[in-house]
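By convention in this document, chain letters (A, B, ...) are assigned in the order of the sequence lines, proteins followed by strands, and residues within each chain are numbered from 1. Values in this document were obtained by computation on a predicted structure and should not be read as measured data.
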2 protein chains.
Amino acid sequence: MKDGGKKRGPTSADKVLGVLSLFSAERPVWSPERAASRMDVSLATAYRYFNTLVASGMLERLNRNRYVLGPAIVELDRKVRAADPVLKLAQPVMERLLRRLREPAAILLCRYYRQKVMCIHQETNRSGEPVSSYERGAPMPMFRGATSKVILAHLPPRTVVDLWRDHRRDIVAAGMGPGFEDFKAALRALRHEPVNVSSSEVDAGRTGIATAIFDDSGRVNGSLSMVLLSPPANKRAVARLTMAVQAAAREIERGRGVAAMKAG
Amino acid sequence: MKDGGKKRGPTSADKVLGVLSLFSAERPVWSPERAASRMDVSLATAYRYFNTLVASGMLERLNRNRYVLGPAIVELDRKVRAADPVLKLAQPVMERLLRRLREPAAILLCRYYRQKVMCIHQETNRSGEPVSSYERGAPMPMFRGATSKVILAHLPPRTVVDLWRDHRRDIVAAGMGPGFEDFKAALRALRHEPVNVSSSEVDAGRTGIATAIFDDSGRVNGSLSMVLLSPPANKRAVARLTMAVQAAAREIERGRGVAAMKAG
DNA sequence: GGCGTAATTATCACTATGTGAGAAAATTCA
DNA sequence: TGAATTTTCTCACATAGTGATAATTACGCC
């Protein structure tokens, strides 16, 4: 959490962008006044910030004193999706993988982002209630669940050190402690299994089967995981699903290579 | 396109946010150098802008010289979805509406935004290829298609004037010209029909059946529309679908009223 | 439909901070 | 390891962001 490098005052644009992070699911509506006191700027400045963000569409004025995140974000996310080669490749693979299953399940594509794992895409075969609450943009716990663990296992050492520094508590609570050496040993162990299977670590009764996805330089790009509503019948079933997930991940990686060649 | 009010120099944050609008589906990757020349700032400043945006997660550095829109956008869009009461109410209604159909179709929820209509949500019964290319965040033509027309019909006069000023060409091309009076007459006509049915105006062979959704102050909030891959068999079928769309829109509006009461 | 109150914008003096040009450092690739 | 490029740093300067307050506008209420 502490700044690694030399200190530098936050620029004006930093503060304007900082306004956006005030908005959350719990508090989706903000007034300039409340934002001003929260950010330690004058009311006039808060209005200036809000106006800047409204002008760019990042905020929307509902009515007097009530602002919410704006439609430019929706527009931008579409561009993010369009520009994401892994998503484009993964989506049909995820659909196919899901279609082979008869039990209620979800397939998740996730990525590492800011000491968290974020869901990029979800495919589910339950039309009504989703099997997993992890829809696009949702953060997943970093140290629990197959989805995160397979990513964690392959993060660069530098990142692992940072995580240990900032989240020692959570790591120990997840049974990967108590020391840094223990943590590293746990990651090493995870690294040796191509697929991780975890049960009831994120949601009670759910089983996650996940494997890492690598980019062409061998760095971990994210993970592909299958979330099962109820535990598989037997070891045989687990083995079958494990193979399917692994095969799908390889297919995505292979496609990625082809896409890179095309682009290059 | 011309600024309505008094001129004011763009603030620094404006320019930083302006960087984001450089990114498009056609050009999803930008370098500080290219951005600098495009925005008429020095290279050093472009680097400062990019660093600010990367720090907030709005941009992501792929590798040397290559930046793309970042994961913070994905995170923010999830918050937008979570905070959107209309979306939350509409989604189940859209699913139900779709389930009643046997023919390939899509249900669209759209909104007015910056002289365009933007798709907020799409439900489709074709798992593979989507029936409509209008996914969340996609802009729709403002003057063609049932989806846009029913919104256009109910926009406030002030907005209608702006649209005429900025898009006279498109309006005339869409057959709502040649004068402003003709345009207003066309809108009046649209306003008198509760549901609009248009064929092949956006995509050849497709039929759109749309109706406006209003908020509790009577302002148009957006539209609900059904897009059919192939034209309906007969007038009777059209009438049936028309009723269904209208009923769904009313249901969303009713729910919205309830939600407002709950929130208030 | 006008009035009163609260929200929003404009004004202004002041200083902070964003800016460009170039040098220095760091990173990448052969 | 070395050359070429990218990226950061330094610094002087002037712009532009800031807070306090006043003026204006918009909304709700009777």
Side-chain angles (χ1 to χ4, degrees), chain A residues 3-19 22 29-56 58-68 70 156-159 215-219 260 264, chain B residues 3-20 29-56 58-68 70 156-159 215-219 260-261 263-264:
Chain A
D3 294 15
K6 14 206 117 157
K7 59 194 79 173
R8 179 189 309 172
T11 176
S12 164
D14 282 329
K15 294 201 242 162
V16 172
L17 286 167
V19 171
L22 293 175
V29 182
W30 283 78
S31 69
E33 192 176 1
R34 194 181 273 275
S37 75
R38 183 69 145 65
M39 303 188 74
D40 264 309
V41 294
S42 75
L43 184 56
T45 297
Y47 270 104
R48 277 186 283 250
Y49 288 176
F50 273 59
N51 283 337
T52 296
L53 289 165
V54 168
S56 72
M58 300 297 287
L59 286 186
E60 183 180 14
R61 190 184 131 139
L62 277 188
N63 42 48
R64 158 175 290 225
N65 234 5
R66 308 181 77 223
Y67 292 77
V68 293
R158 172 82 221 227
T159 309
D215 64 19
D216 37 85
S217 12
R219 280 186 287 262
Chain B
D3 295 12
K6 13 205 118 157
K7 62 193 80 172
R8 179 189 310 171
T11 178
S12 164
D14 282 330
K15 294 201 242 160
V16 172
L17 286 167
V19 171
L20 296 178
V29 181
W30 283 78
S31 68
E33 193 177 359
R34 193 180 273 274
S37 75
R38 183 68 146 65
M39 303 188 72
D40 264 308
V41 294
S42 76
L43 185 55
T45 296
Y47 270 104
R48 278 187 283 251
Y49 287 176
F50 273 60
N51 284 338
T52 296
L53 289 165
V54 168
S56 72
M58 300 298 288
L59 286 186
E60 183 177 17
R61 191 184 129 138
L62 276 189
N63 41 48
R64 159 175 287 226
N65 235 4
R66 309 182 75 225
Y67 292 76
V68 292
R158 170 82 220 238
T159 310
D215 64 19
D216 36 86
S217 9
R219 281 186 287 262
M261 270 182 253

Figure out the [atom1]/[atom2] separation between [X] and [N], and round it to whole Å.
{"X": "A:Leu53", "N": "D:dG17", "atom1": "CG", "atom2": "P", "result": "14 Å"}
{"X": "B:Tyr47", "N": "C:dA26", "atom1": "OH", "atom2": "C1'", "result": "12 Å"}
{"X": "B:Glu33", "N": "C:dA21", "atom1": "CD", "atom2": "P", "result": "14 Å"}
{"X": "A:Arg66", "N": "C:dT8", "atom1": "CZ", "atom2": "P", "result": "12 Å"}
{"X": "A:Phe50", "N": "C:dA7", "atom1": "CZ", "atom2": "P", "result": "13 Å"}

Interatomic spacing from [atom1] in [X] to [atom2] in [Y] - rounded to 0.5 Å:
{"X": "B:Leu59", "Y": "B:Thr52", "atom1": "CG", "atom2": "OG1", "result": "10.0 Å"}
{"X": "B:Asp14", "Y": "A:Ser12", "atom1": "CG", "atom2": "OG", "result": "9.5 Å"}
{"X": "B:Glu33", "Y": "B:Phe50", "atom1": "CD", "atom2": "CZ", "result": "11.0 Å"}
{"X": "A:Thr11", "Y": "B:Tyr49", "atom1": "OG1", "atom2": "OH", "result": "9.0 Å"}
{"X": "B:Asn51", "Y": "B:Arg61", "atom1": "CG", "atom2": "CZ", "result": "9.0 Å"}

Query raised in the report: Does a nitrogen or oxygen in the side chain of A:Asn51 sit under 4.0 Å from OP1 or OP2 of C:dT9?
Result: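 Yes, because at least one side-chain N or O of A:Asn51 sits under 4.0 Å from OP1 or OP2 of C:dT9.
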Query raised in the report: Does a side-chain N or O from B:Asn65 land closer than 4.0 Å to OP1 or OP2 of D:dT7, or not?
Result: yes
Listed pairs under 3.5 Å, donor-acceptor, residues 35-45 of chain B side chains, sequence neighbours left out:
{"unit_1": "B:Ser37", "atom_1": "OG", "unit_2": "B:Arg34", "atom_2": "O", "d": "3.1"}
{"unit_1": "B:Ser42", "atom_1": "OG", "unit_2": "B:Thr45", "atom_2": "N", "d": "3.2"}
{"unit_1": "B:Ser42", "atom_1": "OG", "unit_2": "B:Thr45", "atom_2": "OG1", "d": "3.1"}
{"unit_1": "B:Thr45", "atom_1": "OG1", "unit_2": "B:Arg48", "atom_2": "NH2", "d": "3.3"}

Query - B:Leu20 and B:Met58, any side-chain heavy atoms less than 4.5 Å apart - result: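 In short, these two side chains touch, coming nearer than 4.5 Å.
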Query - Any side-chain heavy-atom pair of B:Ser31 and B:Tyr67 under 4.5 Å - result: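 Side chain of B:Ser31 against side chain of B:Tyr67, heavy atoms only: no contact under 4.5 Å found.
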Check: protein-nucleotides 24-28 of chain D nitrogen or oxygen pairs below 3.5 Å:
{"unit_1": "D:dA26", "atom_1": "N3", "unit_2": "A:Arg64", "atom_2": "NH2", "d": "3.1"}

Query raised in the report: For nucleotides 12-20 of chain C, read 5' to 3', which letter fits each nucleotide if B means a protein heavy atom sits under 4.0 Å from the base, S means only the sugar-phosphate is that close, and - means neither?
Result: ------SBB
